[in-house]
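Small disclaimer: the values here were computed from a predicted structure and weren't measured. Note that these values count all heavy atoms, side chains included, but never hydrogens, waters or copies made by symmetry.
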Amino acid sequence: MSPEEFGKRMVELMPRLMRGIARHESNYLSKGKITLPQMWVLEHLSRRNNCPMNKLARSFGISRPAATGLMDRLIAQGLAKRADDPKDRRIVRVSITPKGKRIVSNIWEEKRRTFSAVFGKISENDRTAYLKILERVVETLAD
């Protein structure tokens with residue numbers, strides 16, 4: 001199969017895959033209470049709490065106004081908070097709230113259960129091969 005044919009098939013399958021996974025889940029993300037970019041930001045903040053807003057924007061390759069809008073929506077839901085830096089008034093720091101941490105944790109736990117249930121129906125050899133390919137894809141994207 002050529003890379004072009006592979007790409008075409010992936011574009012056809014990925015939306016079906018995402019919808020299929022979402023049907024097995026019931027959380028903030030699958031219910032549309034937060035968007036995928038908002039989930040990525042919450043996950044980022046759960047690992048790197050108290051992050052300067054400009055660094056957050058750079059990490060996601062978005063403008064500071066876009067990051068501010070994204071954070072405003074998370075703050076309105078009580079999932080994140082914003083604070084001024086006590087040493088430099090020009091710096092705004094953002095962090096995840098306990099509610100945000102619970103939601104991220106619940107989403108990841110539900111995803112683990114979904115993947116276990118779905119991939120439990122596939123042979124161990126196929127699961128192993130799938131993971132090896134995904135790991136190579138992730139490495140390629142990181143380069």
Side-chain angles (χ1 to χ4, degrees), residues 1-122 126-143:
M1 176 181 297
S2 72
E4 291 78 19
E5 290 171 296
F6 179 82
K8 181 178 185 272
R9 191 69 181 126
M10 286 295 292
V11 167
E12 293 168 354
L13 287 174
M14 288 307 288
R16 290 174 55 198
L17 175 68
M18 300 307 288
R19 283 192 306 269
I21 289 171
R23 277 196 310 268
H24 287 88
E25 298 177 354
S26 180
N27 56 51
Y28 259 63
L29 184 60
S30 65
K31 289 179 179 179
K33 292 182 180 180
I34 61 172
T35 64
L36 192 52
Q38 288 171 332
M39 174 59 190
W40 293 336
V41 167
L42 287 173
E43 197 277 327
H44 179 84
L45 291 175
S46 73
R47 288 183 286 114
R48 295 176 189 88
N49 209 13
N50 203 21
C51 179
M53 183 71 92
N54 62 346
K55 192 177 240 182
L56 181 75
R58 269 196 318 272
S59 294
F60 288 93
I62 60 176
S63 68
R64 283 182 290 184
T68 298
L70 195 150
M71 286 305 302
D72 286 347
R73 290 184 290 281
L74 291 172
I75 290 166
Q77 292 187 62
L79 306 178
K81 60 186 176 181
R82 173 185 294 125
D84 294 327
D85 188 305
K87 296 177 185 172
D88 188 341
R89 293 181 322 140
R90 297 168 297 174
I91 297 174
V92 175
R93 294 190 169 276
V94 290
S95 57
I96 191 167
T97 63
K99 178 181 177 183
K101 285 182 184 182
R102 277 192 314 277
I103 287 168
V104 168
S105 178
N106 290 342
I107 289 170
W108 286 131
E109 182 55 36
E110 193 166 358
K111 289 201 174 299
R112 279 190 288 278
R113 285 193 309 265
T114 299
F115 283 125
S116 294
V118 170
F119 283 91
K121 297 175 183 176
I122 297 171
D126 285 350
R127 287 192 306 265
T128 301
Y130 186 77
L131 276 178
K132 284 182 181 177
I133 291 168
L134 277 179
E135 288 166 350
R136 287 197 335 238
V137 169
V138 169
E139 287 171 11
T140 301
L141 290 171
D143 290 344

Undergrad: Identify which one of Met18, Glu25, Arg23 satisfies the side chain to side chain contact (heavy atoms under 4.5 Å, CB included) criterion when paired with Ser30.
TA: Glu25
Undergrad: Can you list the steps and then say if Ser95 with Leu45 is a side chain to side chain contact (heavy atoms under 4.5 Å, CB included)?
TA: CA-CA 6 Å; Ser95 57; Leu45 291 175; 5.7 Å; no
Undergrad: Contact between Tyr28 and Gln77 at the side-chain level, heavy atoms closer than 4.5 Å - yes or no?
TA: yes
Undergrad: Quick one: does any side-chain atom of Arg93 pair with a main-chain N or O of Asp84 as donor and acceptor, under 3.5 Å?
TA: no
Undergrad: Does atom CZ (Arg16) have a neighbourhood of more than 12 heavy atoms from anything else shown, all under 6.0 Å?
TA: no
Undergrad: Using only atom types and a distance under 3.5 Å, with no angle test, would you say the side chain of Arg127 pairs donor to acceptor with the backbone of Ile122?
TA: yes
Undergrad: Of all residues at least two apart in sequence or in a different chain, which pass the salt bridge (Lys or Arg N to Asp or Glu O under 4.0 Å) check with Asp88?
TA: Arg90
Undergrad: Taking Asn49 for its side chain and Ile96 for its backbone only, find out whether a donor-acceptor pair lies under 3.5 Å.
TA: yes
Undergrad: Verify, without hydrogens or angle tests, whether Thr97 (side chain) and Leu79 (backbone) share a donor-acceptor contact under 3.5 angstrom.
TA: yes
Undergrad: Looking at every heavy atom in both Val104 and Ser46, which two are closest together, and how far apart are they?
TA: CG1-OG, 4.3 Å
Undergrad: Any side-chain heavy atom of Phe115 within less than 4.5 Å of one from His24?
TA: no
Undergrad: Would you check if Ser26 and Glu110 make a side-chain contact, meaning some heavy-atom pair closer than 4.5 Å?
TA: yes
Undergrad: Should we say atom NZ of Lys99 is surrounded by more than 12 heavy atoms from elsewhere, each under 6.0 Å from it?
TA: yes
Undergrad: Please answer whether the main-chain N or O of Lys132 pairs with a side-chain N or O of Arg136 as donor and acceptor at a distance below 3.5 Å.
TA: no
Undergrad: Walk me through whether Asn27 and Asn106 qualify under side chain to side chain contact (heavy atoms under 4.5 Å, CB included).
TA: CA-CA 8 Å; Asn27 56 51; Asn106 290 342; 5.8 Å; no
Undergrad: For the residue pair Ser63 and Ala57, what are the closest heavy atoms and their distance?
TA: O-CB, 3.9 Å
Undergrad: Drop me the distance from Thr128's OG1 to Phe119's CZ, to the nearest 0.5 angstrom.
TA: 11.5 Å
Undergrad: Answer whether the closest heavy-atom distance between the side chains of Thr35 and Leu70 falls below 4.5 Å.
TA: no
Undergrad: What residue pairs, at least two apart or across chains, pass salt bridge (charged side-chain N to carboxylate O under 4.0 Å, His left out) with a residue in residues 5-14?
TA: Lys8-Glu12, Arg9-Glu12
Undergrad: With Arg47, which residues qualify under side-chain hydrogen bond (donor to acceptor under 3.5 Å, both in side chains), at least two apart?
TA: Glu43
Undergrad: Got a donor-acceptor contact below 3.5 angstrom from the Thr68 side chain to the Arg64 backbone?
TA: yes
Undergrad: For a side chain to side chain contact (heavy atoms under 4.5 Å, CB included) check, start with the C-alpha distance between Val94 and Leu56, then their side-chain angles and the critical distance, and finish with the verdict.
TA: CA-CA 9 Å; Val94 290; Leu56 181 75; 4.0 Å; yes
Undergrad: Can you name the nearest heavy-atom pair linking Cys51 to Lys55, along with the distance?
TA: SG-CB, 4.3 Å
Undergrad: Counting N and O atoms only, with roles assigned by atom type, does the side chain of Glu135 sit under 3.5 Å from a partner on the main chain of Tyr130, one being a donor and the other an acceptor?
TA: no
Undergrad: Can you give me the closest heavy-atom contact between Met71 and Arg82, atom names plus distance?
TA: CB-NH2, 3.9 Å
Undergrad: Could you check Phe60 against His44 for side chain to side chain contact (heavy atoms under 4.5 Å, CB included), going step by step and ending with a plain yes or no?
TA: CA-CA 10 Å; Phe60 288 93; His44 179 84; 3.7 Å; yes
Undergrad: With rounding to the nearest 0.5 Å, note down the distance linking CH2 in Trp108 to CG in Leu29.
TA: 8.5 Å
